[in-house]
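Take a look at the structure set out below.
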Amino acid sequence: MRRKTIQSSILNALISLALVISLMGCNGSSSSTSTDEDQSQSAAITLSASPTTVSPNDSTTLTWSSTNTTSCSASGGWSGNKGTSGSEVISQLQTDTVFNLTCTGDNGSVDSSVSVTVSTEGPASPTVSLVANPTSVSLNGSTTLTWLSNNTESCSASGHWSGSRGTSGEETIDSLTENSTFTLTCTGPGGAQSDTVNVVVDDPAVTVDLTASPSTISLNGSTTLTWNSTNAESCTASGDWSGSKDLSGTETIDGLTGDRQFTLTCSNAYGSVSDSVDVTITSSSNGTALLSWTPPTQNTDGSALTDLTGYIIYYGTASNNYTETVNIDNPGITSYQIDNLSAADWYFVITAVNSSNVESVYSSEVSKTID
């Protein structure tokens, strides 16, 4: 009987052991399957913003998606219930903002956040560069202006040029006659900026050259003045001639009765220069006769003589028989030398002529003996 009892106990022990092993196997397999299912059903979410940096009052777009969720809610820079996926535009951003999104599913909830920065920096400031080449020119010379700008939309010129200009370019300025200032102002979203360049016009030196040919003449002879100038704007005569003159030219001076000096002054905006020439009168006591007279002031009726135009000298080798004449077309001349007189007694008279070519009676006769 004892043997049967032992055997029965062993059998019961084996049965109990097998049951324990079987239960352990079932518990292990059940635990592994439950963990995999939990992991495959976990909630997940993605949230993004575009752009993540904006200017004041600009907007950004939030985009999100989730899995294993049934609802979502917003917080932070936005609020309210949201779909499990979607997009939303956030406008009028003023400060840096964090946007939160929480989505919930059967196996719990999940959070995500995104930050958007509001930049306080304004639009980029414009830059302008203006260059002149050359910066120093001669009178009536030219220069070329070249310019570049950044962060600009338009440009305008002022100073010694004007009008609208492109945001970059090149322009030649001709015929400069004075020191000039050129300014370019360019404007963009970030404001306006200017640059200025100066161009100097060199003082043009005036030159003048005056000559007389011949420079030595006999009494009542003539000379021709010739002159040239450079960089001049006007010329004026002085000394023994007067009045405004061309910048270059010639002029004959007649009936010279004494040494003379002629001066010409030429000028421009920067200064003036003068040149002078002397003309010398030569005379001889033999073969010449120097006549001088007082200009008449009245007509024969006693009225004032206002239109005197010149004189006529009559002369010859017999009294009251005049074979030679000299016409003088300058009423201001009061003396005249007659040259190349042969040896003889010479007799001279003079008449006055008015603008109507009316000639006066002879003056009193004078004579000179030429040996």
Side-chain angles (χ1 to χ4, degrees), residues 13-129 147-155 166-168 185-195:
L14 290 174
I15 291 172
S16 299
L17 179 59
L19 180 60
V20 170
I21 293 174
S22 176
L23 291 174
M24 288 177 63
C26 289
N27 290 338
S29 173
S30 176
S31 174
S32 174
T33 300
S34 176
T35 300
D36 290 342
E37 290 178 354
D38 291 343
Q39 290 176 348
S40 65
Q41 295 179 0
S42 297
I45 186 173
T46 60
L47 174 64
S48 63
S50 179
T52 56
T53 300
V54 298
S55 298
N57 296 313
D58 281 352
S59 62
T60 188
T61 299
L62 302 179
T63 302
W64 70 96
S65 63
S66 64
T67 55
N68 300 321
T69 62
T70 57
S71 64
C72 297
S73 63
S75 62
W78 61 338
S79 62
N81 295 323
K82 308 296 179 183
T84 56
S85 64
S87 64
E88 184 173 330
V89 176
I90 307 297
S91 304
Q92 300 294 315
L93 290 165
Q94 298 290 335
T95 59
D96 296 349
T97 306
V98 177
F99 298 92
N100 302 313
L101 186 65
T102 300
C103 293
T104 303
D106 293 338
N107 291 321
S109 61
V110 65
D111 297 321
S112 185
S113 298
V114 65
S115 297
V116 176
T117 301
V118 177
S119 174
T120 57
E121 295 181 0
S125 297
T127 61
V128 182
S129 174
W147 67 95
L148 294 170
S149 66
N150 293 306
N151 305 316
T152 59
E153 297 174 349
S154 63
C155 297
T167 55
S168 64
T185 301
C186 294
T187 304
Q193 187 64 262
S194 299
D195 196 13

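In this chain, numbering begins with 1 at the start of the sequence shown.
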Closest contact, heavy atoms only, Pro126 versus Gln193: O-CB, 3.7 Å
Indicate the atoms forming the closest heavy-atom contact of Cys72 with Leu101, along with that distance. CB-CD1, 4.0 Å
Contact check, side chains of Asn68 and Asn107, non-hydrogen atoms, under 4.5 Å: no
Report yes or no: does Ser66 contribute a side-chain atom to a donor-acceptor pair with the main-chain N or O of Thr84 at less than 3.5 Å? yes
From SG (Cys155) to CH2 (Trp147), nearest 0.5 Å: 8.5 Å
Say whether, by atom type as modelled, one donor and one acceptor occur between the side chain of Thr60 and the main chain of Ser50 under 3.5 angstrom. yes
Between Ser109 and Thr104, does any side-chain donor sit less than 3.5 Å from a side-chain acceptor? no
To the nearest 0.5 Å, atom CG of Asp58 lies from atom OG1 of Thr53 at 11.5 Å
Nearest heavy-atom approach of Ala192 to Thr187 is CB-OG1, 3.8 Å
Compare all side-chain heavy atoms of Gln41 with those of Asp106 and state whether any distance is below 4.5 angstrom. no
Output yes when a side-chain donor or acceptor of Trp78 lies under 3.5 Å from a complementary backbone atom of Asn100, and no otherwise. yes
Nearest heavy-atom neighbours spanning Asn151 and Ser125: ND2-O, 3.1 Å
Rounded to the nearest 0.5 Å, what separation is found between the CH2 atom of Trp64 and the OG atom of Ser87? 6.5 Å
Closest approach of Ala49 and Thr52, non-hydrogen atoms and distance? O-CG2, 3.3 Å
What's the verdict on side-chain contact (heavy atoms from CB on, under 4.5 Å) for Ile45 and Thr69, showing C-alpha distance, side-chain angles and the deciding distance? CA-CA 9 Å; Ile45 186 173; Thr69 62; 5.9 Å; no
So, for Leu62 and Val114, which heavy atoms are closest and what is the spacing to 0.1 Å? CD2-CG1, 4.0 Å
Can you confirm whether the side chains of Thr117 and Asp96 place a donor and an acceptor under 3.5 Å from each other? no
Residue set satisfying side-chain hydrogen bond (donor to acceptor under 3.5 Å, both in side chains) with Gln92, at least two apart, ordered chain then number -> none
Could you grab the distance from atom SG of Cys103 to atom CG of Asp111, nearest 0.5 Å is fine? 8.5 Å
